[in-house]
Amino acid sequence: MARRPTLTATWDRFVASDPGLLRLTAGVRTVAAIGLALGVLALLGTDVTHMVAGAMAAMVATFAIREKTVRGQALTLALGLPTALVAMTLGALLHSLVVIGDAFFVALIFGAVYSRRFGDRGTALGLIGFQVYFVSLFVNASVDQLPVLFGTLAIAFACSAVARFALVPETPQRVLGRLRDAFRARLAQLVDAQTLLLDAPPGDLDDVLDELRRRTARLHETALMIQGRLEDGTRDDAAAALIQRRVADAEVAAERLGMLLLTARSSERADTLTLHLPGAPVPAPGKLLRAEDESTALLRRDLNALHLMMARPAEANRGTAVAHVRNRLLGYRDEECIPPGTTLAVQDVFRGIGEAARAVLGLRLALDGPQDESDDSPATTRSREEFDAEDVSITSTEKDETPEPSGFQRPTTRAAFQVAVGSSLAIVGGEFLSSQRWYWAVLTCWVVFLNTASTGEIVVKGYRRLLGTVLGVVAGVALAGAVGHHTWLAFVLVLVCVFAMFFTAPLSYALMSFFVTAMLGLLYTLLNTYSLDVLVLRIEETALGAACGIVAAMLVLPVRTDRRTDEQLAAVLERLGDVVEGAVAQLSGGPAVDLLDKARDLDTALDELRAATQPLTHPITPLRERRQTARYLVALLETSAYHARSLAATAELVPYSKRIGADPRLARAARRIDHNIDVLVAHVNETEDTGRVESGASITAMLETDGLGMPAANTVTFRVLRHLQRLDEGITGLARPLGVPVGPRA
């Protein structure tokens, strides 16, 4: 089956690489604001120093505001201008008062960090106040310059508003729409990788599995991003719940299809851990699939057809040919349509393709509305009827409000004290290095505390900033030499660096620091203060600021990496227990609850655990065994989260499905899982050390003892049992690296 034109495919790859085009939009909007400010200031005959101040202010006014609604962005921008004017005034007034000025700077830093507790608006205003005060130091602002600087700031904020609301507008609905396109593209990319898995020779299997892991993780990342935008990007709670359910269905179906393919080409059932742990043992190849087999050719054809269904936009997914392909794939949900003469594992793959096609149809209906039904087969009609029944059941639910910590336990309070102490050290040390550019050490100390929660994270971020700064100095030397006295060429290159800085920021902090330092080299050239000594001083101040930040994090209200990871590990286990308990209760005939919200809470906690373990898994970590243990734990939890999501997605269908019925036996089968999760949580929280993780007969064997026999292999109950079995194995597997004893029930 022919693939799409190269240009469209290239754009889809770009959309998938930048979900929602958030990085592209941020870079273009910031460059537009700076370029517009420079153009206006140039027309007014402003000198280069004030043009630099205007460019930096426009950049700050643009990137600091992260609120999702247009009204919220406008209000924060309006409040940001007086905040900037006050910061510039104080910077100019305290310019010559060294001690008082330094004390105020520390107080300002404390307030800017503490204000993060008030949400996006508090964060933005604190950031604007700090950065504009920094701009006043950078351009050596004085009282007699204030009238011109006030005008410059007003122009910068006005240009930022024009760029945000006119040139590069962004609404929650538009962002959500682009995220949905990215999800579709990443879904198609995952199926593409699964097609490669079908034909990969044993020698290439490691590389194919690595790609499959990356694409599965990217799909999951986009699903989480959609989750964060649903509340503001949809018309009501019911629409948000519908999209949430359909995205979850598609994600689970696509990941399950990869597992079924891996099993079909192996000599035994594949371990789910293989798809989540880099370097995990590759299943031994079997003789179940051969390139020349008719069943392999059919799978290849149908995977290509599934890729086509996912990749094509809604307006192109019409016509008799497309309907025929969709009907054929959905037909695999019926046993009589599965090709005869194939093994059970291959039959499971065909069923998985049918379920993935159903998930894609549901996603289309949720995102694009009703579609032409004239060419539907009975299987397609039944799928639509199932979706109609599910849609009626959707109701909005209120999420549980988790009580926030108070006092010094609140992260913003703790970080404010830490960064204030670190900045004080950086000011003192920076003055010894340079009485004029000491503020670079303070800036580094400030940024290493942003979006970090433990000492280890601060160490890693400081290392990355120093690495990017060293490389950026080399680039700055080259760019300064190339620019010479060509002012506008320097400004153009500054804009290029700004775009690259914002485009790469979510991907690599070291890369972002590289472009920041290269940009500073150009700004110093524009201010006629450039020299190699200045850039070397930049490295020294950066190293000093990072060191001061690390020292403050270790001495002032420290949060050790071990403590942080233990807190996040306990949170993940508790969320996992909530999902499993709720799903099993509903699968056993209990009342309906909002399981998808619980599943997304689990995913959010798991993402926070990944961030918390980065210091332990970073290449600079000297403890190799500890690094491997952290990776293994996260992979086991990712595997368990996948099975929990699958259980939740299946349980959501029980109250209104005609094909899936409740099975009371499942509640008894899951008791051991609930007990083992409780034991692990108690051990991690150090509330109990005497508990034991239970082991023994498999979940399926426990069910057989009821005397009712095992369910058929192609039933939903059997699939649920498989997920429960994998969950049981994964949770038991967590006991060994955590040092929890394992044994049969006493």
Sub-3.5 Å donor-acceptor pair from the side chain of Lys461 to the main-chain atoms of Val447, do we have one? yes
Does a side-chain heavy-atom distance below 4.5 Å link Arg726 with Glu729? yes
Give me the one residue out of Leu573, Asp578, Val579 that meets side chain to side chain contact (heavy atoms under 4.5 Å, CB included) with Leu602. Val579
Would you indicate whether the side-chain heavy atoms of Glu355 and Arg333 approach each other to under 4.5 Å? yes
Phe502 vs Phe63 aromatic rings, parallel, tilted or perpendicular, using cut-offs 30° and 60°? tilted
Step-by-step side-chain contact (heavy atoms from CB on, under 4.5 Å) determination, Leu724 to Asp728: CA-CA 6 Å; Leu724 286 173; Asp728 185 50; over 6 Å; no
State whether the side chain of Asn304 and the backbone N or O of Arg300 hold a donor-acceptor pair below 3.5 Å, judged by distance alone. yes
Pair Leu306-Asp302, side-chain contact (heavy atoms from CB on, under 4.5 Å): steps then yes or no: CA-CA 6 Å; Leu306 184 62; Asp302 290 334; over 6 Å; no
Given Asp181 and Arg178, is the salt bridge (charged side-chain N to carboxylate O under 4.0 Å, His left out) satisfied, shown in steps? CA-CA 5 Å; Asp181 290 341; Arg178 292 199 298 259; over 6 Å; no
State whether a side-chain donor-acceptor pair under 3.5 Å links Asp603 with Gln227. no
Result for side chain to side chain contact (heavy atoms under 4.5 Å, CB included) between Leu647 and one of Leu727, Leu595, Val252 points to Leu727
Please confirm whether Arg23 makes a cation-pi placement over Phe503, using NZ or CZ under 6.0 Å from the six-membered ring centre and within 45° of the ring normal. yes
Distance in Å, Ile338 CD1 paired with Tyr332 OH, rounded so as to fall on 0.5 Å steps: 9.0 Å
Between Thr25 (side chain only) and Leu22 (backbone N and O only), is there a donor and an acceptor less than 3.5 Å apart? no
Evaluate Leu209 against Leu262 for side-chain contact (heavy atoms from CB on, under 4.5 Å), listing each step before the verdict. CA-CA 9 Å; Leu209 282 175; Leu262 188 59; 4.0 Å; yes
Just verifying a value: how many Å separate Leu299 CG and Ile353 CD1, rounded to the nearest 0.5 Å? 5.0 Å
What's the spacing between Asp601 CG and Leu606 CG if we round to 0.5 Å? 12.5 Å
Would Thr380 and Ser383 count as having a side-chain donor-acceptor pair, cut-off 3.5 Å? no
Taking Phe514's backbone N and O only, do any of them form a donor-acceptor pair with Arg465's side chain (distance below 3.5 Å, no angle check)? no
Using modelled atom types only, decide if a donor and an acceptor are shared between the side chain of Asp18 and the backbone of Leu24 within a distance under 3.5 Å. yes
Polar side-chain atom of Ser508 near backbone of Thr504 as donor-acceptor pair, under 3.5 Å: no
Hey, what do you get for CG (Leu179) to CD1 (Ile226), rounding to the nearest 0.5 Å? 5.5 Å
From the options Arg214, Arg186, Gln189, Glu255, select the one residue that forms a side chain to side chain contact (heavy atoms under 4.5 Å, CB included) with Leu219. Arg186
CA sep, side-chain torsions, deciding dist, call: Arg174, Glu170, salt bridge (charged side-chain N to carboxylate O under 4.0 Å, His left out): CA-CA 6 Å; Arg174 186 172 298 173; Glu170 182 179 279; over 6 Å; no
Any donor-acceptor N or O pair under 3.5 Å, side chains Ser646, Arg256: no
Looking at CZ of Arg645 and OG of Ser640, how far apart are the two atoms once the value is rounded to the nearest 0.5 Å? 10.5 Å
Is there side-chain contact between Gln244 and Arg600, with at least one heavy-atom pair below 4.5 Å? yes
Any donor-acceptor pair under 3.5 Å from Arg246 side chain to Ala366 backbone: no
